[in-house]
Q: 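Starting off with a structure, shown below.
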There are 2 protein chains.
Amino acid sequence: MGNLPSLTSAEENYLKCIYHLSGGGKMLVSTNGIAAEIQTKPASVTDMLKKLQKKQVIDYYKYKGVNITRSGKLVALLIIRKHRLWEVFLVEKLGFHWDEVEEIAEQLEHIRSINLINKLDHFLGYPRVDPHGDPIPNEDGIIESKPKILLAKLTQDKEARFISVKNTSPIFLQYLDKLGLHLGSDLKVLDRNEFDHSLQIMINQGSTIFISRDVAENILVSEQ
Amino acid sequence: MGNLPSLTSAEENYLKCIYHLSGGGKMLVSTNGIAAEIQTKPASVTDMLKKLQKKQVIDYYKYKGVNITRSGKLVALLIIRKHRLWEVFLVEKLGFHWDEVEEIAEQLEHIRSINLINKLDHFLGYPRVDPHGDPIPNEDGIIESKPKILLAKLTQDKEARFISVKNTSPIFLQYLDKLGLHLGSDLKVLDRNEFDHSLQIMINQGSTIFISRDVAENILVSEQ
DNA sequence: TATGCTTTTTAGGCTAATCTAAATAATCTA
DNA sequence: TAGATTATTTAGATTAGCCTAAAAAGCATA
Ligand SMILES: [Mn+2]
Ligand SMILES: [Mn+2]
Ligand SMILES: [Mn+2]
Ligand SMILES: [Mn+2]
């Protein structure tokens, strides 16, 4: 029942980043890893880690790395909830394209209001996933996600559904659009090139395309 | 066609405040006036005025006061546009009550995006006024407002329509609800008490209520 | 117009979030 | 396992936005 600590926007961004890098709290995260992700300097990260430690959302082991705490995980999930619900709003209600919403949701996720996000959730009809296929945590921070694997690791000739993207940068999403790869498409690996790990893919039992390893490692599919 | 300066959230709040206090750019605004409005210290205001001066959104005359510049006025109107459109969204789409939206809109007005606000405007059906009856500036910062007067100054026995509120604090708006005073109501001053300037008001040709001078000075009506 | 009150600015400090440069700890490798 | 290399932290600055206390400017009025 302990109240959640209140964080600044910068602290929220760091915590969310730590949550993602730790694979949802499973792994130790490094200072340089965070710095690379947030696009800041390691020295700035160290400063911030001390603040987050003080607020008890992370366990910080000097020179070793950080773990997200139980309450930190909940705080992170509630920020992610806001981020993803706003993304749904932007795409479903305002007509934004899926490659345009990241930047705006990055700001909207920090709006503070007890009621706002739950009313937004209701208004949107309690969506389960955001425009990138990522699951939306509920009010209690509980997230239900189906098992998914990287397209790069999909067994050859096995059908799978394009469920979500790992990378949400405009340049990647626009490239997927150009390739004709959309969330929900049925995909099958027809051929795998051992030299460069590029793949030949069939989309919806129809057209076939070639994609590089880089692309295949940013697409998540659910088997069968 | 000079580009508009980019302001921090704090700078935006100050500029909007100066716009309001100056009556839309007509009057010189004082340091203490701003401090009282923003709930900060005069010394902090002086610091901020220097920053706003540097960004050319105000003309600052030391020890005299500040005027908003042409570009400052446009910037302020675009912030006000965002504030009011978000308020409409919160009330019309999410079901908030008119006394709950100020605080949230105060945050949402600072979200940066070239497209967001125009898409929101479209989604909302290009509303003309916000939930407090205040007119919404268009993309170019142009505002069309009908002539309105304080209920406190309305001629006795003359019908007028309740158009907007000057004060948007929850406590005032809740009191109006309790009194049965809603935007759009027809009001008529039946009696005016010269001692304390309280008024007897008839609402929609029906019930009559007594209101204090303080209330009457925060209600705007359009005659006829 | 001198004097005192009010308003405003200045001076100096604080915190949050960033940075660069230097120091130190951890890890890799020969 | 001793260096070398890499990762991380510390030290010391900077900027934005705020503060208090003190100085200075403006004004009111007798
Ligand atoms: Mn963010
Ligand atoms: Mn997303
Ligand atoms: Mn604001
Ligand atoms: Mn309003």
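Computed over heavy atoms, backbone and side chain alike; hydrogens, waters and symmetry mates excluded. Sequence lines set the chain letters: A, B, ... in the order given, protein chains first and strands last, and positions in each chain run from 1.
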Q: Rounding to an integer number of Å, can you tell me how far B/Glu12 CD sits from D/dA16 P?
A: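 Distance, rounded to whole Å: 15 Å.
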Q: Go through the side-chain N and O atoms of A/Ser169 and A/Asn167 and say whether any donor and acceptor fall under 3.5 Å apart.
A: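 A/Asn167 and A/Ser169 do have a side-chain donor-acceptor pair below 3.5 Å.
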Q: Considering non-hydrogen atoms only, spot the tightest contact between A/Pro42 and A/Ala35 and give its length.
A: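 Taking every non-hydrogen atom into account, N-CB, 3.8 Å.
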Q: Are any non-hydrogen side-chain atoms of A/Ile163 and A/Val221 less than 4.5 angstrom apart?
A: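 Side chain of A/Ile163 against side chain of A/Val221, heavy atoms only: no contact under 4.5 Å found.
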Q: Checking B/Asp99 against B/His97: is there a side-chain donor and acceptor pair closer than 3.5 Å?
A: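 Distance-only check passes for B/His97 and B/Asp99.
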Q: Would you please confirm or rule out a distance under 4.0 Å between OP1 or OP2 of D/dA7 and any side-chain N or O of A/Ser30?
A: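 No, because none of the side-chain N or O atoms of A/Ser30 sits under 4.0 Å from OP1 or OP2 of D/dA7.
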Q: Give me the residues of residues 41-60 of chain A where at least one heavy atom lies under 4.0 Å from an atom of DNA chain D, by number, or none.
A: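 Of all residues in residues 41-60 of chain A, the ones placing a heavy atom under 4.0 Å from DNA chain D are A/Pro42, A/Ala43, A/Thr46, A/Lys50, A/Tyr60.
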Q: Answer yes or no: is there an ion pair linking A/Glu217 with A/Arg213, defined by an N-O contact shorter than 4.0 Å?
A: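 Judged by the 4.0 Å cut-off on N to carboxylate O distance, A/Glu217 and A/Arg213 do form a salt bridge.
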Q: The criterion is side-chain hydrogen bond (donor to acceptor under 3.5 Å, both in side chains); which residues satisfy it with B/Glu144, sequence neighbours excluded?
A: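 B/Glu144 satisfies side-chain hydrogen bond (donor to acceptor under 3.5 Å, both in side chains) with no residue once adjacent residues are dropped.
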Q: Among B/His132, B/Glu87, B/Glu102, find the one that has a side chain to side chain donor-acceptor pair (under 3.5 Å) with B/Thr168.
A: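 Going through the options one by one, the only one that passes is B/Glu102.
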Q: Provide the start and end nucleotides, 5' to 3', of the part of DNA chain C that has atoms under 4.0 Å from heavy atoms of chain B.
A: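 Nucleotide range in contact with chain B: C/dT7 to C/dT10.
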Q: Output yes when at least one side-chain N/O atom of B/Tyr63 is less than 4.0 Å from OP1 or OP2 of D/dA23, else no.
A: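 So the side chain of B/Tyr63 is outside the cut-off, no N or O lying under 4.0 Å from OP1 or OP2 of D/dA23.
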Q: Answer with yes or no whether the side chains of A/His83 and A/Asp130 bring together a donor and an acceptor at under 3.5 Å.
A: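 No.
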Q: Give none if C/dA30 has no partner; otherwise give the nucleotide forming a Watson-Crick or G-U wobble pair with it, both distances under 3.5 Å.
A: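 Result: D/dT1.
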Q: Below the 4.0 Å mark, does D/dT6 have OP1 or OP2 next to a side-chain nitrogen or oxygen of A/Asn32?
A: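 No.
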Q: Between A/Glu11 and A/Lys62, name the one whose nearest nucleotide on DNA chain C is closer to the 5' end.
A: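 Upstream on the strand: A/Glu11.
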Q: Of A/Thr8 and B/Val29, whose closest DNA chain C nucleotide lies nearer the 5' terminus?
A: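 Of the two residues, B/Val29 wins.
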